[in-house]
Amino acid sequence: MNPVFVAIDTPDPQQAVDLAASLRGTVGGVKLGLEFFAANGPAGVAKVAATGLPIFLDLKLHDIPNTVASAMRALADLRPAIVTVHAAGGRAMLEQAKAAAPVETKVVAVTVLTSLDAGDLDSIGVAAAPAEQVERLAALARDSGLDGIVCSGAEVEAAHRAWPDGFFVVPGLRPSGSDSGDQKRVVTPRQARASGASVLVIGRPITKAEDPAQAARDIAGTL
Ligand SMILES: O=C(O)c1cc(=O)[nH]c(=O)n1[C@@H]1O[C@H](COP(=O)(O)O)[C@@H](O)[C@H]1O
């Protein structure tokens, strides 16, 4: 399976459908997140899903267990391949999120956002370094019955070692020499794949390229 899921972060449903259609055969799936969902809701997701590509619904659910479970049930008709929740929501929330999801949907827990570094964690009262915090939350996700986690490429090797049959989603990827933007814990797609990533989430390096399909092919050629 092609491990690249393209993050289509746009409020424009037609642009998302056109981009997904142009990348069919070049990427393994499409990730739709908060920007797209806030603008277009489930009906917009269904339009992109109609292109035939697997859908990764990245809503990063994080609330009390009952609310998250209810939201998960409300999303079930979309039959997403992958859905995200925040590991920081705690064990009961994670267990109930998984129990409420369709059986074929992988529920993965976001550990430490790739836009955060040690200083950012310190400012929210987390004294642990990012790698240590990822390890802790990965163990919580595993013990709560989830399918896997989201972490940066810097942590995925250790996480994979601690959870050999886990499913590892890695964003914060940049081909060497490209702008990291708001991402702080960045590696190349090749490094992430070699370290054990199951899915490589790549947004702007593909979507903002002059020729997105060519950019996706170029990245696939480095893996
Ligand atoms: O859950 C995610 O997908 C996610 C988690 C994380 O820690 N960092 C992260 O960047 N993401 C998502 O991955 C995508 C990265 O996009 P680019 O930085 O444009 O490649 C965005 O859609 C983010 O919402």
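In each ligand, atom 1 is the first atom listed, and ligand 1 is the first ligand listed.
Geometric assessment of Lys106 against the ring of Phe167 yields a positive cation-pi assignment under the 6.0 Å and 45° thresholds.
Listed by chain and number, the residues in a salt bridge (charged side-chain N to carboxylate O under 4.0 Å, His left out) with Glu35 amount to none (sequence neighbours excluded). Evaluation of the side chain to side chain contact (heavy atoms under 4.5 Å, CB included) rule for Ser22 yields Leu19 as partners, not counting sequence neighbours. Listed by chain and residue number, nothing satisfies the salt bridge (charged side-chain N to carboxylate O under 4.0 Å, His left out) test with Asp63 (two or more places apart in sequence, or in another chain).
Ring-plane geometry between His160 and Phe168 is classed as perpendicular, the angle between the planes exceeding 60 degrees on a 0 to 90 degree scale with a lower cut at 30.
Residues lining ligand 1 at a heavy-atom distance below 4.0 Å are given as Ala7, Asp9, Lys31, Asp58, Lys60, Val110, Leu113, Thr114, Val150, Pro171, Arg174, Gln183, Val201, Ile202, Gly203, Arg204, Pro205, ordered by chain and residue number.
Judged by distance alone, the side chain of Arg185 and the main-chain N or O of Ala154 form no donor-acceptor pair under 3.5 Å.
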